[in-house]
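Every heavy atom of this structure was used, including side-chain atoms; hydrogens, water molecules and symmetry mates were not. Counting starts at 1 for both ligands and their atoms, following the listed order.
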Amino acid sequence: MLFKSVGDRYLCIVAERIHKGERVLRGIPVSAGVCRGKILVLDKARKGVERHEVAHAEVPEELNRLQQSLVRTREQLQEVQRKVAQNLGAEHATIFDAHLMVLEDPALIDEAVRVIQRDKVNAEYAFHTITERYADALAKVEDEYLRERTSDMRDVSSRVLNNLAGHSDIIDLAHLGEPCIIIAHDLTPSKTALLDRKNVLGFATDIGSKTSHTAIMARSLRIPAVVGLKNASDDLTTGEYALLDGFNGVIVVNPTDQTLFEYGQLIRKQVTLEEKLRDALTQPAITLDNHRIFVSANIEQAGDAETAQSSGADGIGLFRTEYLFINREIPPGEEEQYQAYRQVAAAMKPHPVVIRTLDLGGDKLLSSLAAHTEMNPFLGWRAIRFCLQHEEVFRAQLRAILRASVEGNVKVMYPMISGLDELVQANAFLGQFKAELQKEGVPFDDKIEIGAMIETPSAAVIADALAKRVQFFSVGTNDLIQYTLAVDRLNEKIAHLYEPTHPAIVRLIHETVKAAQAHKVWVSVCGEMAGDPTLVPLLIGLGVDELSAAPPLLAQLKYLIRRLKLSDTRELAAFALDCESATEILSRSQALAQRAAPSLFDTKK
Ligand code: PEP
Ligand code: MG
């Protein structure tokens, strides 16, 4: 929402220039900042693979194309493997062994060759048909290991098809001679995690939304990003020059000098604002009527603790530990996890560090642990559900967290609790692992605080029961909104229905806070709502104690809170609890934020 007014102004300016040779594409802004440079289209939306017949004399050429693309894919995969081994360690690189095996499978290649020769069809069609048949068959087998090879098969197939079509692939990032703006149909969180920060100026995708983990990663990495552009990967071509505006969700292809000048001004305003916000970094977030709100950071990697500190964080409100598990075949063991958690705990000491147990599933599909394709991954085998059924994974993680608890102020938090039994079971496991460590003489903080995420409507409704068994709640609004409103958080087509100020959400947060206060339980909000200055007055008025967001957003949160009055926010919350319209609640909260800190919104010269 920051720069919304200037955004509207620039959208108008930009729209006026369409006829002057510029092309403007509009999507959803997910990570602030403006960048310009050459476009690199990674992969296009695949609209099925076309079948076309080839003349008898053209068959050798099709075979040759297939052969060339297999060789090229193998080289690319080996390059990725080398890069991953270098950056993340040899054991992480083993994930690509399975991919290479698919490429070298003689039965599969022979069949594709036979189809080209017998049916006289194009190489794309032959290869796609055979790999899809294999993938379908693999998806149905009983053996879990084999079933997990389905996604390897599809991934390899997609790389080969990209090479047949002459498209660049994500792995070409390693060879970029110059910085560029990445355009892709989709970028998974695991691919985003691999992006070479030096060479990626910004990125844009056809699909996605503000709360997709790809967008969340972009904000943490401070890469300007736009998602939900629908056809950008088809409309844009590698080599075109463009400007990407992550404030307003706009891509301007072939910007005129005038547009570049105007954007130069926008960038200067951004720099001035950042200078202004710098002072807020070191100050506590205390309202004008003396009410303290804790402003903490969400992090994805142990190394992010440093950024959190330099961003003025009061602690780590959410450590998304699943990123330790991503892009690798073998999950990290207890010792490796301990080192990561210890590093964050020690860096942040004496400030609190909330370590969330593995939240895999949804859009965070991990190569090593869950490659299954589910009908509804967000309603499926996700987060605490997965951990409770994988004792060995849960054990390694909880032991590592417990061991790290003596190195700082560590708290443990369970994601996606949807019923009391899950919390009781998780706590029983924690007790069991504590007893183990005690027996082994390994030190840990026996009083480690336990938290439950409130991100399902059922958890919010039974918050009173949960509150008796935890010391804190963290409201995961990203999921709470999608589950309450039945709106997929990744789907740009229904993004307009994804309303953080929907009365149902306001009431669920209110119920959660009420239950928490009755049991002296602390309430944090760690979903993307917490990082949006427009929504901060509402959350504070509803009584939350802490806001946790990506480090780059913390300064503006503190700046705003220091200019708000708790009494005004409470009035706003009372209004919201009585209001039937999401839009009205939003505009009231926005108006209060804008009144308190106009410079966060007013970007006039
Ligand atoms: C949330 O759901 O709001 C949350 C913080 O968890 P995640 O975004 O990782 O699902
Ligand atoms: Mg969540």
Handout entry: Side-chain donor or acceptor of Gln471 paired with backbone N/O of Ile450 under 3.5 Å
Key = yes
Fill in the blank from the handout: Near Glu455 (heavy-atom distance under 4.0 Å), the atoms of ligand 1 are 1 (C), 2 (O), 4 (C), 6 (O)
Handout entry: Gly249 versus Pro29, closest heavy-atom pair with distance
Key = N-CB, 3.3 Å
Handout entry: Residue part near ligand 1, for Asp359, under 4.0 Å between non-hydrogen atoms
Key = side chain
Exercise for the section: Test the Arg382-Phe386 pair against the cation-pi criterion, namely NZ or CZ under 6.0 angstrom from the six-membered ring centroid and within 45° of the ring axis. Expected result: no
Problem - N/O donor-acceptor pair under 3.5 Å between Lys411 side chain and Ile355 backbone - result: no
Practice task
Measure from atom 5 (C) of ligand 1 to every heavy atom in Arg320, Glu300, Glu528 and give the option owning the shortest one.
Solution key: Arg320
Completion exercise
Under 4.0 Å between heavy atoms, the region of Thr211 that gets near ligand 1 turns out to be neither
Practice task
Please work out whether any backbone atom (N, CA, C, O) or any side-chain heavy atom from C-beta onward of Gln482 is under 4.0 Å from ligand 1, and answer side chain, backbone, both or neither.
Solution key: neither
Practice task
Mind telling me whether Phe394 and Phe429 have parallel, tilted or perpendicular rings, with 30° and 60° as the class edges?
Solution key: perpendicular
Exercise for the section: Using distance alone, determine whether Arg356 and ligand 1 share an N or O pair under 3.5 Å. Expected result: yes
Practice task
Taking only heavy atoms of Arg382 into account, list the atoms of ligand 1 that are under 4.0 Å away from them.
Solution key: 10 (O)
Completion exercise
Atoms of ligand 1 under 4.0 Å from any heavy atom of Gly476, numbered from 1 in the order shown, are 1 (C), 2 (O), 3 (O)
Exercise for the section: Answer yes or no: is there an ion pair linking Glu334 with Arg403, defined by an N-O contact shorter than 4.0 Å? Expected result: yes
Problem - Atoms of ligand 1, numbered as shown, that sit under 4.0 Å from any heavy atom of Cys526 - result: 5 (C)
Exercise for the section: Taking Ser589 for its side chain and Leu586 for its backbone only, find out whether a donor-acceptor pair lies under 3.5 Å. Expected result: no
Fill in the blank from the handout: Angle subtended at the Mg ion (ligand 2) by Asp479 OD2 and Glu455 OE1, to the nearest 10 degrees, is 100°
Name the atoms and distances for all side-chain donor-acceptor pairs under 3.5 Å in residues 338-350, with sequence neighbours left out.
| from | atom 1 | to | atom 2 | distance (Å) |
| --- | --- | --- | --- | --- |
| Tyr338 | OH | Glu407 | OE2 | 3.3 |
| Gln339 | OE1 | Arg342 | NE | 3.3 |
| Gln339 | NE2 | Glu335 | OE2 | 2.9 |
| Tyr341 | OH | Gln337 | OE1 | 2.6 |
| Tyr341 | OH | Gln397 | NE2 | 2.9 |

Practice task
Mark the output for Met416 as yes if a heavy-atom distance to ligand 1 is under 4.0 Å, and as no if none is.
Solution key: no
Completion exercise
ligand 1 atoms nearer than 4.0 angstrom to some heavy atom of Leu318 are 5 (C)
